[in-house]
Amino acid sequence: MHGKSSVISIPRLALSSLAHPAPEVAPNLLGCILVSSTTNGVITAGMITETEAYGGPNDEASHGFRGKTLRNRSFFLPYGHFYVYRSYGIHYCVNITTGHDDGGAPKTYAEGVLVRALLPLDGIKTMRRRRGKDQTFPASKLTAGPGMVTQALGISIEQDGLPLKNATNVWVTQPIKVFIKDDISITTRIGITKSKELNWRFRLKDMSSN
DNA sequence: GTCAAGATTAGT
DNA sequence: CTAATCTTGACG
């Protein structure tokens with residue numbers, strides 16, 4: 001993506017596609033582009049290649065499982081909002097809230113999709129790691145890990161709770177490619193100790209070696 | 001009040 | 001394997 005064909009011209013994701021349980025939405029976000037202009041207005045963007053679903057009444061690994069707190073309150077927003085949280089005190093991770101259309105009523109439980117990896121498409125020269133020897137994100141190499149996704153796009157707690165619609169500086173496009181079942185690997189989630197049995201991790205195949 | 005664990009990552 | 005570093009829940 002450069003020059004004439006900018007990610008800015010790609011239509012945004014229809015919010016109605018988020019009005020479903022997180023495990024249903026998570027695979028459908030593969031191929032969508034997460035776009036940010038938080039870094040001095042420069043566009044940084046990448047295609048979502050890995051997601052995980054969290055939430056609902058029975059997911060013990062969900063931050064919302066034990067109710068609303070100051071940290072996770074955005075997770076309880078209606079579908080179509082960003083929930084950004086600080087992980088291990090040092091990283092940020094970004095989720096997109098999902099759920100049934102409740103007419104704006106408060107959700108009884110939190111639900112959303114964690115963005116775990118991107119294929120960088122735009123603003124790659126602007127992407128910077130906060131730590132590490134090589135601070136750059138090499139072009140066309142996968143940006144893997146939820147903490148890396150937010151570093152690459154300059155997403156922090158300032159974007160927590162923002163709506164996808166009328167978003168100020170972060171948004172999601174419609175899918176730029178449609179994937180079939182065989183393109184997606186479905187496994188258990190990473191880095192959790194509870195509700196480990198759920199197959200709620202969705203990855204595009206043939207990207208792991210990239 | 002103390003303490004341990006956590007949807008993580010980089011360096012040894 | 002361990003450090004870095006913040007929030008939460010359990011305990012008392």
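Residue numbering restarts at 1 for every chain, and letters A, B, ... go by the order of the sequence lines. Remember, predicted model here, so these are calculated numbers, not experimental data.
- For dG9(C), the paired nucleotide is dC3(B), the pair qualifying as Watson-Crick or G-U wobble because both relevant distances are below 3.5 Å.
- Side-chain contact check for Arg131(A) versus His91(A): some heavy-atom pair is nearer than 4.5 Å.
- Between dC1(C) and dA5(B), the distance separating the two P atoms is 15 Å to the nearest Å.
- No more than 12 heavy atoms of other residues, nucleotides or ligands lie within 6.0 Å of CZ in Arg73(A), so this atom counts as exposed by the packing criterion.
- With both ends at atom P, the span from dA4(B) to dT2(C) equals 15 Å, rounded to whole Å.
- The distance between atom CZ of Phe65(A) and atom C1' of dG9(C), rounded to the nearest whole Å, is 14 Å.
- A 4.5 Å side-chain heavy-atom check between Ile96(A) and Val25(A) finds every atom pair outside the cut-off.
- Salt bridge Lys177(A)/Asp183(A): absent, no basic N to carboxylate O contact under 4.0 Å.
- Side chains of Glu52(A) and Tyr54(A): a donor-acceptor N/O pair is present below 3.5 angstrom, by distance only.
- Side-chain contact between Met47(A) and Leu118(A) is absent, with no heavy atoms from C-beta onward closer than 4.5 Å.
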Could you encode protein contacts along nucleotides 4-12 of chain B as a string, one character per nucleotide from 5' to 3', using B for base contact, S for sugar-phosphate-only contact and - for no contact, with a heavy-atom cut-off of under 4.0 Å?
--BBBBSS-
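- Across dA10(B) and dT7(C), the matching C1' atoms stand 22 Å from one another, rounded to whole Å.
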